[in-house]
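Below: one structure, written as C-alpha cells.
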Amino acid sequence: MANDALGEVTEANFRQRVLALVARIPPGRVMTYGQLALLAGRPGPGGARLAGFVMGSLAGKAQTDEEALPWQRVINAQGRVSTHKLGFGDVQEHLLEAEGVTFDESGRCDLARLQWWPEEEGRDAPPDALL
DNA sequence: AGCATGACGAGGT
DNA sequence: AACCTCGCCATGC
C-alpha cells in the first residue's frame with residue numbers, strides 16, 4: 001500500500017487522481033492538462049495527453065452531470081479551451097466567463113493569473129493582491 | 001490483430 | 001509565428 005504517493009502510477013489511479021484534482025479547482029480558476037498530469041504523477045507531454053484522454057473519456061458524462069465535476073476549468077497550456085473540435089468549446093468558454101474568466105479575441109485567458117495550484121488550497125480568489 | 005484517432009505539450013526547424 | 005516530431009494510452013472499426 002504504501003505507495004499511492006510514490007509508487008507506480010497505474011492508469012487507474014492516474015485517472016482517479018486527475019479527476020480528484022479537477023474536482024478541487026475553485027470557481028473562476030483553471031488548471032492545464034500538463035499540470036494535472038504532473039500532479040498526478042505523469043510529467044511531460046505524454047502525461048498531458050493522457051490527462052486529455054481522461055477528460056475526453058468523460059465528455060458525455062461531464063455535460064450531463066456538470067455539478068459533479070467542473071470539467072470546464074481544464075484548459076490547455078496556451079490558455080485556450082481545447083474542446084472546439086468536440087463541439088462544446090463555446091459552451092466551455094461561456095461557463096468560464098460566467099465564473100469571471102475573460103477570453104481575448106484569440107481565445108486566450110490570463111493563465112498566469114488564473115491558473116490554480118493545490119498549494120493555494122483555501123484561497124479561492126485570483127492572486128490579484130500579489131500583483 | 002493492426003491501425004487510426006483523440007480535451008496535450010515541449011523542443012526543434 | 002507556423003509548422004513537425006515525439007511521447008503516451010484507450011477505444012473502435
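In what follows, chains carry the letters A, B, and so on, assigned in the order in which the sequence lines appear, proteins first and then strands, with residues in each chain numbered from 1.
- Rounding to whole angstrom units, CD of residue A/Q115 and P of B/dG9 are separated by 10 Å.
- Comparing the P positions of B/dA4 and C/dT5 gives a spacing of 15 Å, expressed to the nearest Å.
- When each of A/N13, A/L50, A/V54, A/L39 is checked for a side-chain contact (heavy atoms from CB on, under 4.5 Å) with A/V18, only A/V54 meets the rule.
- A 6.0 Å sphere centred on NE2 of A/H84 holds more than 12 heavy atoms belonging to other residues, nucleotides or ligands.
- Here the shortest heavy-atom pairing between A/L96 and A/Q72 reads CD1-O, 3.3 Å.
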Heteroatom pairs (N/O) under 3.5 angstrom, protein to nucleotides 4-8 of chain C:
residue	atom	partner	partner atom	Å
C/dG7	O6	A/R49	NH1	2.8
C/dG7	N2	A/P45	O	2.4
C/dG7	N2	A/G46	N	3.1
C/dG7	N3	A/G46	N	3.4

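- In this structure, CG of A/L38 is placed 18 Å from P of B/dC8, rounded to the nearest angstrom.
- A straight line from CG of A/L86 to C1' of B/dC8 spans 13 Å, rounded to a whole angstrom.
- Partners of A/T32 according to the side-chain hydrogen bond (donor to acceptor under 3.5 Å, both in side chains) rule, which considers only residues two or more places apart in sequence or in another chain, do not exist here.
- In this structure, OH of A/Y33 is placed 17 Å from C1' of C/dC9, rounded to the nearest angstrom.
- Of all non-hydrogen atoms in A/L38 and A/P43, the two that sit nearest each other are CD1-CB, 3.7 Å.
- Evaluation of the salt bridge (charged side-chain N to carboxylate O under 4.0 Å, His left out) test over residues 71-81 of chain A, restricted to residues two or more places apart or in two chains, returns A/R73-A/E99.
- Atom-to-atom, CG of A/L111 to P of B/dC8 comes out at 15 Å; the value is rounded to the nearest Å.
- The CZ-C1' distance, from A/R15 to B/dG6, rounds to 14 Å in whole Å.
- Per the geometry, CD belonging to A/Q78 stands 7 Å off P belonging to B/dG9, to the nearest Å.
- Regarding A/R80, its CZ atom lies at a distance of 12 Å from the P atom of B/dG9, rounded to whole Å.
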